[in-house]
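Only heavy atoms go into these numbers, but all of them, side chains included; no hydrogens, no water, no symmetry mates. These numbers come from a predicted model, not from an experiment.
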Amino acid sequence: MELTTRNPYWLLKNGYHSSYPSLQENIQTDIIVMGGGITGALVTYRLINAGWKVTVIDKRNIGMGSTAASTALLQYEIDTPLGDLMEKVGQKRAIDSYLACYQSINELEQIIRTENFHVGFKKRFSLQYASYEKDTVKLEKEAELRNKIGIPVELWEKAEIEEKFRLKAPKAIFSKQAAQLDPFLLTHAIFQRKDENLQVYDRTKVMDIQPGKSRIVLKTDTGKKIIAHYLIIAAGYESQQYIPYPVVDLLTTYAIISEPIACSEAWYKNALIWETKTPYLYMRTTSDSRIIVGGRDDEMQDSRKRKKRLPRKAMKLAEDFHQLMPHLFFHTDFAWAGTFGSTTDSLPYIGSIRQMPRTFFALGFGGNGITFSILAADILCTVLKGKKHLLQETFAFDR
């Protein structure tokens, strides 16, 4: 599966960055992490810090799957609003999910500060504006619910939105808990750590998985074997091939990035911006004073059709931005598209299935892939220690 088109910004900005070998010998380890993207990296970070010996493998070059195409808006908000999520999965599960995502941003910041990773991490505010007048009542209810469960937000009226953002919208939720980063750099920062418990191999494709009573054996396309106690599959949307029933619907999302703009603050505090309609328009700034705009999702999965459609999608995204913020000059520098997945309740799948013994999944589908990955790292590390995690059932496959 081709997960992205050419020219994702992070790959162009950072270049090849780091080199990792392919697997050329039989090895033994405690845990195999299959997937060298941001999810695999965050899971690996927690595991090696807990004392496990971890081997990471990826059939591509490290970080060059969906991670390279991620726009990396770090939000606690799940694609399904809190009120709607309560109706879908129950009040407790919905509240637990929102509170966990809220806290995950702080946990990610702690990791980055502790390790002194230079990955473009910035805490940001966020603004979710009502796309239409009819959305205002629902937005008011949403703000009330979030404040009630301990997530502080402000409900802004039309005048305040226009004053602060020069953006015309009937109402908006303003939140102080959000962040942004360079996911490609963070992935490599973790995998480049000097740790005797960490081995990383890319361009290593798994052809066969053989679970046993006390171990699991993976065979590669070159005939090499990796023997471990456990396997964690963090291969994103390609993980579906290992699950005997559908768990994700695959979509395509599109993104454009501007040339560097003249001012250091494009709008109020360079907050993350997104809207209420589905699919939603979203935007953020970068450390080199560019603006990323994304959205215009569709159900197309064919890579050739997606490539053909990209120029028109890019033009439409630029028009969307100009309509929203006509006072800002935006000239598209690069455009790209990537695979995007959604689940019926917008929650991730974290845990095991009976059909895959000694195997766990870390699948942070949806618009919260990075925050979900922090939760997956915490849950799986706890479970592998033989303990029960409070969120274990919330994101289980049999929920």
- prompt: Does the gap between the ring centers of F365 and Y237 come in under 6.0 Å?
  reply: yes

- request: Would you mind listing every side-chain hydrogen bond (donor to acceptor under 3.5 Å, both in side chains) that reaches into residues 346-356, with sequence neighbours excluded?
  value: T80-S346

May I ask you to check whether [X] and [Y] show a side-chain donor-acceptor distance below 3.5 Å?
X: Q192; Y: Y20; value: yes
X: Q241; Y: S239; value: no
X: Y282; Y: E275; value: no
X: T252; Y: R296; value: no
X: T253; Y: D297; value: yes
X: E154; Y: W156; value: yes
X: T276; Y: S131; value: yes
X: T55; Y: Q199; value: yes

Do [Y] and [X] meet the salt-bridge criterion of a basic N to acidic O distance under 4.0 Å?
X: E162; Y: R166; answer: no
X: D182; Y: K13; answer: yes
X: K224; Y: E25; answer: no
X: K141; Y: E144; answer: no
X: R146; Y: E142; answer: yes
X: R203; Y: D58; answer: no
X: E196; Y: K53; answer: no
X: K92; Y: D96; answer: yes
X: D202; Y: R60; answer: no
X: D135; Y: K277; answer: no
X: K171; Y: E157; answer: yes

query: With no hydrogens and no angle check, is any side-chain donor or acceptor of S70 less than 3.5 Å from a backbone partner on A72?
result: yes

task: Return yes if some donor-acceptor pair links the side-chain N/O of T343 with the main-chain N/O of L347 below 3.5 Å, else return no.
output: yes

With rounding to the nearest 0.5 angstrom, report the [atom1] to [atom2] distance, [X] to [Y].
X: I31; Y: I216; atom1: CD1; atom2: CD1; answer: 11.5 Å
X: L198; Y: Y45; atom1: CG; atom2: OH; answer: 12.5 Å
X: Y9; Y: I257; atom1: OH; atom2: CD1; answer: 4.5 Å
X: T187; Y: M64; atom1: OG1; atom2: CE; answer: 11.5 Å
X: I151; Y: E77; atom1: CD1; atom2: CD; answer: 8.0 Å
X: I292; Y: Q180; atom1: CD1; atom2: CD; answer: 8.0 Å

query: Has K305 got more than 12 heavy atoms of other residues, nucleotides or ligands less than 6.0 Å from its NZ?
result: no

So which atom in [X] and which in [Y] form the shortest heavy-atom distance, rounded to 0.1 Å?
X: F165; Y: M325; value: O-CE, 3.9 Å
X: E133; Y: P170; value: OE1-CB, 3.3 Å
X: A362; Y: L380; value: CB-CD1, 3.9 Å
X: T371; Y: S104; value: CB-OG, 3.3 Å

Derivation and outcome, ring pair (Phe, Tyr, Trp, His ring centres under 6.0 Å), residues F361 and Y242: CA-CA 10 Å; F361 292 86; Y242 302 107; 7.2 Å; no

task: Assign the ring pair F321 / F330 to parallel, tilted or perpendicular, where the plane angle (0 to 90°) is split at 30° and 60°.
output: tilted

- prompt: Parallel, tilted or perpendicular for H188 and F184, by the 30°/60° rule?
  reply: perpendicular

- prompt: How far apart are the C-alpha atoms of R113 and E109, what are their side-chain angles, what is the distance that settles it, and do they pass the salt bridge (Lys or Arg N to Asp or Glu O under 4.0 Å) test?
  reply: CA-CA 6 Å; R113 303 298 184 211; E109 180 181 22; 3.6 Å; yes

- prompt: Which residues satisfy the side-chain contact (heavy atoms from CB on, under 4.5 Å) test with R309, sequence neighbours excluded?
  reply: Y254, D298, M300, K313

Pairwise ring pair (Phe, Tyr, Trp, His ring centres under 6.0 Å) hits with a residue in residues 103-131, at least two apart: F125-F174

message: E393 and salt bridge (charged side-chain N to carboxylate O under 4.0 Å, His left out): which single residue from K388, R93, R399 fits?
response: K388

task: Decide yes or no on side chain to side chain contact (heavy atoms under 4.5 Å, CB included) for I209 and L231, but give the supporting numbers first.
output: CA-CA 9 Å; I209 300 174; L231 165 66; 3.9 Å; yes

